[in-house]
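Counting starts at 1 for both ligands and their atoms, in listed order.
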Amino acid sequence: MEFQKTPGWLDWYDGPSKPRFKVPAGSVDAHCHVFGPGAEFPYAPERKYTPCDASKHQLYALRDHLGFARNVVVQATCHGADNRAMVDALVHSNGKARGVATVKRSVTDAELQAMHDAGVRGVRFNFVKRLVDFTPKDELIEIANRISKLGWHVVIYFEAVDLPELWDFFTSLPTTVVVDHMGRPDVTKPVDGPEFELFVKFMREHPNVWSKVSCPERLSVKGPPALNGEQNAYRDVVPFAKRIVETFPDRVLWGTDWPHPNLKDHMPDDGLLVDFIPHIAVTAELQHKLLVDNPMRLYWPEES
Ligand SMILES: O=C(O)c1cc(C(=O)O)oc(=O)c1
């Protein structure tokens, strides 16, 4: 099948720079995706965008280039609940990738077990309206209860303004809960203002909640973008991510978000995104927890 990219959609950055920051041995890129290729793994009919292809080979080449050892491949919404591209990436990773799937209530126990055997360790619930249609909460709770028996966790993606409304649902989930991209704070608001305080409270009061301190390129308003060797990219996001890393050092994860779905302003150089890490995790100990200890505990507990 031939797919036409959504107009204005930027392709991932070809030929990223070599990071100046050397990530610790055994580091995990804990949030990235594969797109298709569409000819092999067609995009879902219900998708809200059509991406460029971004294959497992390209993902693993980036992993090696940036100095990472492993990946967590998160099901992208353009594939809906058809997890074949993601599972195929896991199966061809030599055990170096684990995954997060999207499933419907109709998924069978045998399908869940097959995904587990391939390396899936979580499901993603998405509440970002521009990306997905609404799924009823009773369906999500039913899924959460089923996957908890496999020892999986739930990854949630939402925007900061929606946290109050989703609070009761999130806090009722029976598993570890991992928040994508810090719950998308509005970084023009103060880091100690009511909106971000609510997110901090969410994590403080619920020790099962973790956060990915990823996606400064999406959250930043002032930049400067991670392009042309910029070593001080996305300064306005630093106080938010640094606060979460320092307050909850054992419950944070980091990922590139490659191939960066839905960026229309600029596409970051992934090497420079890695150079962002020491601005938010400022000691070797925090960096090791963020990049090695925490993702290993969540995704490869048998090895950590
Ligand atoms: O903000 C986004 O557009 C976005 C989209 C997806 C996806 O389509 O799965 O995943 C992400 O992590 C972020």
Side-chain angles (χ1 to χ4, degrees), residues 3 5-13 28-36 38 41-56 59 62 71-87 89 97-104 120 122-135 153-163 177-187 210-221 225-226 234 237 240-241 252-268 270 273 276 295:
F3 290 95
K5 242 181 12 165
T6 301
W9 220 84
L10 296 175
D11 290 6
W12 44 276
Y13 190 96
V28 182
D29 176 353
H31 186 96
C32 50
H33 312 281
V34 287
F35 297 150
F41 302 109
Y43 300 112
E46 72 273 22
R47 70 190 179 280
K48 305 283 184 197
Y49 62 86
T50 305
C52 62
D53 289 337
S55 73
K56 58 183 181 285
L59 175 64
L62 180 75
N71 297 92
V72 178
V73 186
V74 177
Q75 175 74 354
T77 59
C78 56
H79 281 292
D82 176 350
N83 294 285
R84 281 176 298 169
M86 182 272 293
V87 165
R98 292 251 145 114
V100 174
T102 297
V103 300
K104 296 193 173 141
V120 173
V123 290
R124 190 181 200 202
F125 295 167
N126 204 316
F127 301 89
V128 178
K129 296 172 189 88
R130 72 184 157 81
L131 293 173
V132 286
D133 294 327
F134 174 78
T135 308
H153 59 272
V154 174
V155 172
I156 52 179
Y157 192 23
F158 62 93
E159 292 176 334
V161 288
D162 297 323
L163 180 56
V177 173
V178 181
V179 178
D180 276 342
H181 321 323
M182 296 188 285
R184 294 199 61 117
D186 176 347
V187 301
W210 295 40
S211 179
K212 294 177 195 164
V213 287
S214 42
C215 276
E217 72 284 5
R218 284 182 197 288
L219 302 174
S220 181
V221 175
Y234 314 126
V237 182
F240 293 81
V252 283
L253 301 169
W254 186 87
T256 54
D257 193 38
W258 188 91
H260 309 284
N262 297 310
L263 292 189
K264 294 189 170 164
D265 174 65
H266 73 280
M267 183 54 67
D270 294 281
L273 274 186
F276 182 76

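Checked against side chain to side chain contact (heavy atoms under 4.5 Å, CB included), Lys5 has the following partners two or more places apart in sequence or in another chain: Trp9, Asp11, Cys52.
The shortest N or O to N or O distance between Asp180 and ligand 1 is not below 3.5 Å. Considering backbone and side-chain atoms alike, Asn262 places an N or O below 3.5 Å from some N or O of ligand 1.
Side-chain N or O atoms of Gln75 include one that pairs as donor or acceptor with a backbone N or O of Gly80 at under 3.5 Å.
Within 6.0 Å of atom NZ in Lys104, 12 or fewer heavy atoms from other residues, nucleotides or ligands are found, so the atom counts as exposed in its surroundings.
Screening residues 46-56 for salt bridge (charged side-chain N to carboxylate O under 4.0 Å, His left out) gives Lys48-Asp133, Lys56-Asp88 as the qualifying pairs, with residues at least two apart or on separate chains.
For ligand 1, the atoms sitting less than 4.0 Å from at least one non-hydrogen atom of Arg184 are 1 (O), numbered in the order shown with element in parentheses. Here is the list of ligand 1 atoms found below 4.0 Å of a heavy atom in Ala76: 9 (O). Residue contact check: His31 has heavy atoms under 4.0 Å from atoms 12 (O) of ligand 1. Each of the atoms 10 (O), 11 (C), 12 (O) of ligand 1 lies under 4.0 Å from some heavy atom of His33.
A heavy-atom distance below 4.5 Å is not found between the side chains of Thr256 and Pro268.
Of all protein heavy atoms, the one closest to atom 10 (O) of ligand 1 is Arg124 NH2, 3.2 Å. Here the heavy atom of the protein found nearest to atom 6 (C) of ligand 1 is Pro261 CG, 3.6 Å.
We find the CZ-CG distance between Phe158 and Asp180 to be 9.0 Å, quoted to the nearest 0.5 Å.
Closest approach of Lys129 and Asp162 over heavy atoms only: NZ-OD2, 3.4 Å.
Neither the backbone nor the side chain of Lys212 comes within 4.0 Å of ligand 1, counting heavy atoms alone. When non-hydrogen atoms are compared, ligand 1 lies under 4.0 Å from the side chain of Asp257 (C-beta onward) but not from its backbone.
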